[in-house]
Amino acid sequence: MTATARLAALILPVCLLATACSKTADQDQGAEHGGEHAGSGAEHAGHSAEKVAAVDTARIIAADSEPGSWMSHGRTYDEQRHSPLKGINASNVGKLGLAWTHRLDVDRGTEATPIVVDGVMYTTGAYSMVYALNPVTGEQLWKYDPEVNRATGGKGCCGVVNRGVAVWDGKVFIGVYDGRLEALDAKTGEVLWSKVTVDQSKNYTITGAPRVVDGKVLIGNGGAEFGVRGYISAYDANTGEMLWRWFTVPGNPAEPPENEAMKVAQKTWHGDTYWKQGGGGTVWDSMAYDPDTGFLIIGTGNGSPWNIKYRSEGKGDNLYLSSIVALDVDTGEYQWHYQTTPGDTWDYTATQHIILADLEIDGEQRKVAMQAPKNGFFYVVDRTNGELISAEAFVPMNWASGIDDNGRPIKLPAGDYSEEPKIVTPSPFGAHNWQPMSYNPDTGLVYIPAQITALLFEDFGQTPAQALNVWNIGLAPLKMPEAPAELAGVGEQFKGMLLAWDPVAQKAAWTVDYASPWNGGTLSTAGNLVFQGTADGRAAAYNAKTGELLWDTPANTGVIAAPMTYEIDGEQYVTFMAGWGGTFALVGAGAFEEIVRRRSESRVLTFKLGGKQSLPEPANIPVAVPTPPPVQATPEQIDIGRQLYHGLCVGCHGASAISGGLVPDLRYMKEDTHKIFGGIVAGAYAKRGMPSFGHVLPPEQTALIHQYVIKRSHDLVAQLEAQDEDAE
Ligand code: CA
């Protein structure tokens, strides 16, 4: 059956449901589908005889024989994110225009890579909502809301985001923020099975996309900022039964280790804090599968707490933190590992995207795995045995000077903050974070959304947070300047770039500089193109060989997700999931006030050659600041409030109380809100997504945070008045 017939078979029964297909006046005028326009989304598609999401291992392995589909998170099991499609290419990409848009329900960051197969697009938004869309028109076929308790938002470090679904044999799999793994009927969105994969009394979250290999749904989780023990599990795609689980770090040494790998790992940890707190090493994003060896290759996260002094008495490699690990996909049995940051003490996760490729190195064909983790080195590893082939720094760094003959980083005193505070680069934002890279076998280049950032690391003694349900990292609260000029100065030292990296020569081929860090993942195509969204709110395409900008268009909001592409009826489409969000947007965007601070708008943007649709006007942050109440605290009290704020509130409301546009900017609080500030902190708005801190903060400390925020409102009023005077 042709793609058209498959699509018609699916769409026609849907159209019997008037709510799903009748166009509203808005849609006829070219307005977008979804959210406020296309009904509640509760309607389900009708059943069709034709199979949808009819994906299995053989079909994914043969993905190049149907280049119009995008069947797995990174398109193929090797996660190259390179499409053979070239209908859109370097000579015509300037004619790209919007084919359709679809507004998502929640504006809290959009990180998903859509799947398109058998005539349907499956994608996700904040709070793990799943959308099935018509990939030609953007019309919603069904929507599934797992109804995540909004009060659990604070269990994650980096936003209530989701990076997408997996599909398999007529089912759609979603890892839900609260730790559920669920199977949905691909035709209707109905739940077929639901399993809780974590201890929900702990701060585990799922934001990553599952993968499916041979009927096994593979899923990890996050939470290493809060004290959890990392692992990855496999579940039976049909029944939801757990088949295996592999922990990344050892548990209680008084109990027998789960396996030989844990026995080996145990010897690299010290003291007893780590197993009581969990140790970290969460598998929150990257996975790749090598059908030749049967190895599932995963990336593991940072230690918990970050500061090794409190995690492991300041010593030891702490296996298998910050590592690339190969497991037998059938059994979950350990095969090999390469640890990128032994004894991590900087949040240098190795959960970043892993790409498998075959490269000619020194005249020899090598089967490699490639990763550019947070620590700033680009690694090429033999994927059959974990042997390091090469590693070079892809950004400037001060924590290490290179990699020695044993494959270990040569650490520098500039990164050692055990005796005195140090400004270390890369920062925990990473030289590269979760935003996927891509690899083009024709150019031989890897396209990395790279960035240069730094952070002041300051030992904080045993943090009080250890006893509490809050960030537990063993560092002093984040310090950012508050004076606008100084804050802008920080911004000037941060940088984002699209970096085209030659993995054989281990050097840059070209770079495109951006105004800020935290730009989107990349897509490579055989049309000699690299697509990327940007923090400053654009969708863009570059010449893959030279980096020349060939096309860009406004997206209304920062774009962080990786674009993807598909073809239906001979027409190629490129989809960008737009929607500013994630940790940098939440915490650090204040240093880039003019560039990236605007209200986040979550939307699917799909482009084709000659597309004629247009975006609605962007929503803007209101500029009027309500008159703040008078400050009623001494400078010393405000300083305590500042420290408390940067220990508890900064993760969402932003450094120096400047919001990145995802959650309310507290400096703009209205009089009525000021009156109930204490109640909100104690949980009054829990259902709206503001977690309760009532169990952590006594009222007198909440009052000091409030005073700090009021002081920041006055700072803002003064800043705006000064700007007005300058303008006159
Ligand atoms: Ca982390």
Side-chain angles (χ1 to χ4, degrees), residues 109 111 153-161 163 177 198 202-208 220-232 248-249 274 277-286 298-308 310-312 318 320-325 339-354 371-376 399 415 417 424-435 451 453-457 460 463 465-466 469-475 477-478 517-518 560 581-588 647 650-652 655:
E111 299 189 353
K155 282 187 158 202
C157 61
C158 305
V160 290
V161 291
R163 285 185 289 279
Y177 187 75
V198 301
K202 299 198 164 85
N203 286 323
Y204 283 106
T205 51
I206 298 180
T207 56
N221 48 56
E225 271 59 57
F226 305 86
V228 299
R229 185 182 181 197
Y231 57 85
I232 179 171
T248 61
V249 295
Y274 73 89
Q277 289 186 23
T282 47
V283 185
W284 55 262
D285 195 60
S286 62
I298 61 169
T300 68
N302 55 277
S304 176
W306 290 357
N307 191 342
I308 191 172
Y310 304 113
R311 188 177 71 237
S312 181
N318 294 183
Y320 298 91
L321 295 181
S322 306
S323 299
I324 304 169
V325 182
Q339 188 173 39
T340 61
T341 309
D344 167 49
T345 192
W346 307 274
D347 185 27
Y348 284 165
T349 66
T351 47
Q352 280 58 49
H353 183 187
I354 295 168
Q371 191 189 45
K374 277 189 181 180
N375 76 11
W399 77 279
Y417 61 89
V424 183
T425 182
S427 80
F429 294 127
H432 169 220
N433 209 300
W434 61 268
Q435 287 89 336
Q451 53 195 22
T453 65
L455 184 79
L456 178 72
F457 283 79
F460 195 50
T463 150
Q466 279 172 356
N469 250 1
V470 293
W471 281 63
N472 173 18
I473 56 180
L475 295 181
L478 176 68
W518 213 245
I560 51 177
T583 177
F584 181 79
L586 289 161
V587 177
V650 67
C652 292

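In each ligand, atom 1 is the first atom listed, and ligand 1 is the first ligand listed. Note that the structure is predicted; figures quoted are calculated from it, not measured. In this chain, numbering begins with 1 at the start of the sequence shown.
Angle subtended at the Ca ion (ligand 1) by N302 OD1 and D347 OD1: 70°, rounded to 10 degrees.
For the side-chain contact (heavy atoms from CB on, under 4.5 Å) with W346, the qualifying choice from N375, V424, L475, I308 is V424, the only one to do so.
The closest approach of E225 to the Ca ion (ligand 1), by N/O/S atoms, is made by OE2.
Listed by chain and residue number, T197, I219, N221 satisfy the side chain to side chain contact (heavy atoms under 4.5 Å, CB included) test with I206 (two or more places apart in sequence, or in another chain). Legend: residues meeting side chain to side chain contact (heavy atoms under 4.5 Å, CB included) with S427, ordered by chain and number and at least two apart, are F429, T453, L455.
With a cut-off of 3.0 Å, the Ca ion (ligand 1) has no N, O or S atom of T282 in range.
A cation-pi contact links R163 to W434, judged by a cut-off of 6.0 Å to the six-membered ring centre and 45° from its axis.
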